[in-house]
Amino acid sequence: MEVRTRFAPSPTGYMHIGNLRTALYAYLHARKNGGKFILRIEDTDQARLVEDSVKVIYESLRVTGLEHDEGPDMGGPVGPYTQSERRPLYRQYAEQLVKEGRAYRCFCEKAEKQEEPGEPDEGQSIFGYDGRCGRLAEAEIKQKLDSGLPFVIRQKIDKEGSTSFKDFIYGDIVVENKQLDDQILLKRDGFPTYNFANVVDDHLMGITHVMRGCEYISSTPKYILLYRAFGWEIPEHIHLPHILGPDGKKLSKREGSAALSDLLAKGYLPEAILNYIALLGWNPGTEQEFFTKDQLVGAFDIARIGKAPAIFDETKMTWLNAQHVKALSPEKAHELFLKFYPDTVIKGFDAKKLSGYIQGKVEKLGDLPAMTSFLTGFDENYSTELFVNKKNKTTLESCKETLTDLHGLLSGVDAWEFNPLLNGVMGYSAQKPLKLGAVMWPLRIALSGMTVTPTGAIEIAELLGRDEALRRIALAINRL
RNA sequence: GCCCCCUUCGUCUAGCGGCCUAGGACAUUGCCCUUUCAAGGCAGAGAUCACGGGUUCGAAUCCCGUAGGGGGCGCCA
């Protein structure tokens with residue numbers, strides 16, 4: 001049977017990284033098995049519709065390359081793929097259950113959820129519905145209906161016994177039926193709840209593997225009861241452990257890494273993001289950690305998904321991102337860097353050359369402005385203490401001497417290019433004699449005013465150009 | 001309150017009864033390289049496998065309990 005997975009986000013306005021991972025796994029599983037990856041929009045909450053948020057979903061899938069085979073934008077054999085357009089279907093199936101006595105109309109007042117949970121009400125549970133409308137007599141129902149009372153449709157759950165299912169990750173899950181609520185299937189406004197729509201749609205759309213966050217694991221028995229009520233085949237259920245923030249709590253927008261857009265803005269490569277989140281809860285069974293998207297497709301296996309929640313560690317993602325940056329072709333890297341360089345760098349310097357020099361050191365593209373600040377934002381008041389370096393045995397005095405020599409030497413260089421510059425400096429260090437590091441250190445400090453730079457002294461000198469480089473060296477000599 | 005789930009270095013993880021003196025990666029520390037600080041290479045430190053009982057010749061691996069954490073109990077998804 002063809003594998004069919006789906007990603008079913010609700011349009012909230014941003015792509016949560018946990019949801020993205022769910023999409024990734026569903027995508028990988030479908031691709032790995034030559035199946036179909038379907039996009040379904042779950043917009044059944046009319047009160048929460050966010051303008052343009054469907055676009056965010058399309059855009060997120062596009063930039064990460066998680067292309068779907070069927071969806072609202074391209075159609076497919078089991079459309080429509082937007083739940084708000086499937087309302088008649090849900091009504092039809094809900095009515096069918098009512099007719100069969102597996103669901104009933106409930107005329108009760110809306111039980112507003114308290115915003116502040118506070119102390120749970122003593123005694124009477126605020127949890128669950130007592131099922132009273134399920135015991136209404138035929139005549140009462142007719143009378144309420146005739147008087148135009150609004151109603152919802154609730155699933156009728158026999159409180160005897162228990163219901164179980166086998167989760168692919170978590171194994172057998174058994175729940176006493178008395179724990180199960182007569183959940184609402186169809187809301188007062190005629191829209192289905194998630195609880196109902198997901199079952200109807202997953203079945204109608206032929207989904208073979210239901211992948212979603214493990215917050216649904218407790219309600220899955222209710223879905224199982226629904227599948228049984230309809231006599232539908234139960235798909236494979238694959239509940240995924242959560243991704244947590246550094247504090248071990250839910251990954252929140254405050255961390256600045258909960259949304260895909262945040263990560264992209266910081267300059268993480270889409271492929272690196274996929275690579276990193278794939279490893280949060282899954283491992284290939286080998287020691288490989290660097291994966292392109294295609295390599296993930298090849299290596300992915302739902303059998304190797306773990307059970308424990310994972311903490312999102314931006315440090316490790318940064319490292320992985322650096323690996324992906326290194327793997328880029330120089331042309332591609334430069335093209336991407338261009339989007340992050342300040343205008344002053346692009347206009348004032350050989351940006352292409354710069355990109356080539358620093359590619360191996362870029363961790364995330366958002367660091368580029370700070371990394372290149374020494375070019376345009378040279379701070380002439382840098383501390384002269386920077387010149388003192390134990391390892392290279394440089395002192396303020398030695399640096400002054402070296403720089404004075406270098407200034408004279410470099411002034412005479414014919415072509416201000418990497419090789420002549422390097423040869424000049426190397427010749428000087430050999431002749432002096434001084435360790436190359438002892439020469440390079442003061443030169444680099446003088447040119448950049450920084451102790452750590454994204455590239456070496458010669459490269460910086462070349463990028464700055466003769467006049468500026470010599471000016472900075474002269475400045476350093478004066479200050480020493 | 002009731003129910004479900006989870007628990008191996010700081011973090012991501014390997015491990016599915018003997019290969020474990022618990023392996024790898026990030027981070028951290030030190031060394032090396034000397035066409036440069038960095039990057040790269042190498043090495044070290046870091047986990048009484050949450051805790052307590054069992055089962056077994058043998059347990060990180062199986063069973064039970066405890067604790068801690070997470071999730072669910074919405075006319076949200």
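In the text below, chain A, chain B and the rest are named by the order of the sequence lines, each starting its count at 1. Every heavy atom of this structure was used, including side-chain atoms; hydrogens, water molecules and symmetry mates were not.
If you take NE2 of His239(A) and P of A77(B), they are 16 Å apart, rounded to a whole angstrom. Between Arg48(A) atom CZ and A77(B) atom C1' the separation is 8 Å, expressed in whole Å.
Straight-line distance between the P atoms of A67(B) and A27(B): roughly 39 Å, to the nearest whole Å. G24(B) sits 32 Å from G70(B) when the P atoms are compared, rounded to a whole Å.
In this view, Arg40(A) and Glu42(A), Asp202(A) satisfy the side chain to side chain donor-acceptor pair (under 3.5 Å) rule, not counting sequence neighbours.
When side chains are defined from C-beta on, His237(A) counts as touching Ile224(A), because their heavy atoms get closer than 4.5 Å.
Which of G71(B), C75(B), A25(B) sits closest to the side chain of His242(A) comes down to G71(B).
Across all strands shown, G74(B) forms no Watson-Crick or G-U wobble pair with both distances under 3.5 Å. With both pairing distances under 3.5 Å, A25(B) is matched to U11(B) as a Watson-Crick or G-U wobble pair. Searching all strands for a Watson-Crick or G-U wobble partner of G58(B) with both distances below 3.5 Å returns nothing.
A donor atom on one side chain and an acceptor atom on the other are not found under 3.5 Å apart for Gln183(A) and Tyr223(A).
Below 30°, between 30° and 60°, or above 60°: for Tyr276(A) and Phe312(A) the angle between ring planes is above 60°, a perpendicular geometry.
For Lys307(A), a side-chain nitrogen or oxygen approaches OP1 or OP2 of C6(B) to under 4.0 Å.
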